[in-house]
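Below is one structure; the comments refer to it alone.
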Amino acid sequence: MTYPFSAVLGMEDMRLALLLNAVSPAIGGVLVRGEKGTAKSTAVRALAALLPPVRRVAGCRFGCDPAEPDPACPDGPHPTGATAEIRPARLVELPVGAAEDRVVGSLDLEKALGEGVRAFEPGLLAAAHRGVLYVDEVNLLHDHLVDLLLDAAAMGRSHVEREGVSVSHAARFLLVGTMNPEEGELRPQLLDRFGLTVEVGASRDPEVRVEVVRRRLDADADPAGFAARWADADAEIAAQVAAARRRLSGVRLPDAALRQIAEVCAAFDVDGMRADIVTARTALAHAAWHGRDRVTIDDVRVAARLALPHRRRRDPFDTPGLDEKRLDEALQRAQDAHPDDPDDSGPDDSGPDDSGPNGGGPGGGGPNGGGGPQDHATSDGEPVDHRGPGPAGPSAADGDAGPTDGPSGTDDDARSADDRGGHAQHGGREAPDRGDADPRRGRDGGADAQPVAVPRGGLTARLLTAPGVGDGVPGRRSRARTGRGRTTGARVPNGRVGALHLPATVRAAAPHQASRGRLTGPLRLRPDDVREAVREGREGNLVLFVVDASGSMGARQRMTAVKDAVLALLTDAYQRRDKVAVIAFRGTDARTVLPATSSVLAASTRLAELPTGGRTPLAEGLLAAADLLRVERLRDPKRRPLVLVVTDGRATAGTRPLDRAAGAAAVLAATGAPCVVVDCETGPVRLNLARRLATQLNAPHHPLAALTHPPARDAGLPVAA
């Protein structure tokens with residue numbers, strides 16, 4: 001049974017963003033970023049129960065609205081006055097490992113083979129029409145599925161051209177994604193398609209965490225009874241959503257508010273005009289939610305906080321976030337430029353109060369009229385972040401666990417950063433505003449930004465590829481047999497059929513037509529005639545950096561050049577959808593600085609903190625790389641590795657260090673992983689130890705300077721020696 005939305009307490013920004021999208025689906029959805037165990041999935045799944053029911057043409061598999069049926073509906077055309085039926089709004093989950101034909105639909109092979117007719121089997125995009133499409137761990141979604149989502153989100157339609165089937169149907173849905181940033185970032189194109197983004201984090205208040213566990217245990221012990229206790233609060237929120245939807249068309253957006261939106265978007269240097277449009281739609285929905293008939297400056301401020309953080313990132317080394325001091329300055333500039341504007345959108349007290357159900361904001365009501373704690377648990381019982389008191393929970397005297405007001409769950413959603421004493425909120429916790437950007441803290445200088453190593457402008461990496469043709473996950477680096485790309489042949493399917501190879505299927509069936517009794521009519525096919533297409537495209541790799549951080553590297557100030565090169569390679573890995581891992585060796589041992597991840601920001605953060613100096617335990621670094629490859633081969637067997645050993649080749653730690661390094665190189669080479677030795681040796685006198693290491697690894701050898709260059713000179717550097 002679904003956990004009640006009103007019992008998901010705290011995380012005000014997330015609840016507000018979800019509810020505003022429920023009021024106005026035109027906003028474009030929500031991306032929820034946060035650490036694991038913060039009730040991201042629980043809250044999203046609970047949202048569907050709050051959406052108004054949907055009227056559709058009876059029997060239509062594509063959910064056509066009887067009032068405005070899709071003229072191109074594959075199940076149509078639907079006659080005027082077609083019989084209608086009412087069904088609850090759907091929450092459709094898109095698994096990250098879903099096949100393409102499951103997402104967009106495909107030829108119904110059962111009917112094609114059994115009845116000899118072409119029929120279309122709808123996919124998840126058709127099922128999500130006029131509902132919610134939810135992607136958990138959306139940052140792990142394969143590129144070919146991301147492309148499908150981009151097309152549908154941009155056009156509101158899904159076009160299917162495959163296996164002789166040509167179908168187009170409406171696909172308008174509320175796109176909601178959740179992700180853990182530690183596992184990698186989203187492609188910028190998909191990131192921009194999310195209307196709003198929020199950050200969530202777990203509470204550190206023990207009293208709050210106690211209440212979270214209590215609620216989770218109550219829900220597990222008696223799911224039906226727990227849901228019944230929160231049913232009235234959920235019903236009130238659903239009624240408020242429906243009322244705000246009806247009110248939305250009458251909300252006015254004054255010119256003053258439009259100027260404020262334009263000033264804010266220009267101040268944060270966002271690309272294109274989507275940010276302005278989404279901010280305007282969000283401000284309208286926020287005003288409707290509060291019962292106002294016109295947009296105020298508070299609505300614009302809240303909308304900008306939700307709509308702009310993910311649109312101001314320029315590259316993977318920019319940390320997400322929004323400087324609320326700059327936001328207030330931009331709003332003030334807009335007001336100062338037009339002080340006598342007749343449409344001045346200052347605070348408007350004409351509407352109803354900002355309280356949500358039971359006076360507790362959205363999700364703030366519940367049994368006994370209380371709010372809820374900051375934390376709530378996921379379906380597996382992990383404590384997660386919420387805010388506010390609840391039944392048997394902390395009282396208002398407990399500080400930030402006290403009652404909250406307004407649909408956002410807190411008055412802070414309608415106040416400036418100055419009203420909060422110059423603090424910006426992130427994931428339910430406050431952090432001081434650090435003012436101007438610090439280059440070691442990410443390019444935005446956000447409140448929670450961590451130190452990162454930032455690459456020099458314009459420095460790019462040459463393309464390194466693994467030899468041969470792999471079977472890995474889709475990406476943009478090495479050649480591979482994938483579900484997308486050019487067709488290179490056909491094969492007998494092993495399990496579920498992928499892309500049908502029609503000519504090969506016909507050729508397989510043709511010799512058997514006489515024995516099957518066919519004289520005239522359609523071709524007689526059997527399941528064992530089916531052949532699937534073999535396609536060649538590009539795959540993503542695991543790029544493992546084995547970095548020498550010893551004194552021999554740092555003594556000549558070479559680590560700066562090494563970091564620049566590695567950061568350029570990290571950017572290249574991000575663009576090619578690779579996983580990355582970093583091992584550093586210095587002193588007497590090697591350590592995994594960064595386990596395999598898709599987060600380039602995490603890798604650059606670890607590089608910024610990388611200490612240098614000491615002896616050079618080259619053997620330990622190579623053995624650590626072999627161990628990491630062994631583990632990752634079990635975790636992600638289809639992803640081929642690519643090992644970059646960044647060193648000058650010296651080995652000075654332990655007894656007989658060069659001999660031990662040669663033995664470790666043999667161990668690493670025995671894994672079969674393709675390697676590249678990046679030679680960092682400089683100066684007039686060269687020992688060529690890195691070149692010798694490359695020979696021992698059976699790997700190509702490249703000077704450090706050869707790996708980076710201006711973009712126009714990229715000719716590629718294959719790994720094969």
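Worth saying up front: this structure is predicted, and the values here are computed from it rather than measured. The figures here come from the full heavy-atom set of this structure, side chains too, leaving out hydrogens, waters and symmetry mates.
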Worked verdict on Arg45 versus Glu93 for salt bridge (charged side-chain N to carboxylate O under 4.0 Å, His left out): CA-CA 9 Å; Arg45 293 187 176 102; Glu93 297 195 36; 2.9 Å; yes
Okay, side chain of [X], backbone of [Y]: is any donor-acceptor separation there less than 3.5 Å?
X	Y	value
Thr652	Thr616	yes
Arg477	Asp578	no
Thr178	Ser41	no
Asn541	Val543	no
His501	Val530	no
Thr695	Arg691	yes
Asp648	Arg650	yes
Arg586	Gly613	yes
Glu632	Leu542	no
Arg531	Asp528	yes

When you look at CZ of Arg633, are more than 12 heavy atoms from neighbouring residues, nucleotides or ligands closer to it than 6.0 Å? yes
Can Val547 and Phe585 be said to form a side chain to side chain contact (heavy atoms under 4.5 Å, CB included), step by step? CA-CA 7 Å; Val547 182; Phe585 57 94; 5.9 Å; no
Apply the test side chain to side chain contact (heavy atoms under 4.5 Å, CB included) to residues Val546 and Val646: give CA-CA distance (whole Å), side-chain angles for both, the deciding distance (0.1 Å), then the verdict. CA-CA 6 Å; Val546 184; Val646 185; over 6 Å; no
State whether [X] and [Y] are salt-bridged, where the test is any N-O pair (Lys NZ or Arg NE/NH1/NH2 against Asp/Glu carboxylate O) under 4.0 Å.
X	Y	answer
Asp192	Arg311	yes
Arg479	Glu539	no
Arg660	Glu620	yes

Can you tell me how far apart CG (Leu623) and CG (Asp589) are? Round to the nearest 0.5 Å. 12.0 Å
To the nearest 0.5 Å, how far apart are CG in Leu644 and CG in Leu544? 8.5 Å
List the residues meeting side chain to side chain donor-acceptor pair (under 3.5 Å) with Gln696, not counting sequence neighbours, and say none if there are none. none
Does either side chain, that of His702 or that of Asp679, offer a donor lying less than 3.5 Å from an acceptor on the other one? no
Would you check, one step at a time, whether the test side chain to side chain contact (heavy atoms under 4.5 Å, CB included) holds for Asp136 with Val96? CA-CA 7 Å; Asp136 191 15; Val96 294; over 6 Å; no
Evaluate the side-chain proximity of Leu689 to Glu681: yes if any heavy-atom separation is below 4.5 Å, no if none is. no
Considering all heavy atoms, the nearest Ala661-Ala651 contact: CB-CB, 4.3 Å
Start with the C-alpha gap between Leu149 and Leu141, add the side-chain angles, then the distance that decides, and say whether side chain to side chain contact (heavy atoms under 4.5 Å, CB included) holds. CA-CA 10 Å; Leu149 281 185; Leu141 199 64; 3.7 Å; yes
Check the pair Lys579 / Asp636 against salt bridge (charged side-chain N to carboxylate O under 4.0 Å, His left out), numbers first and verdict last. CA-CA 11 Å; Lys579 278 187 174 181; Asp636 196 354; 3.6 Å; yes
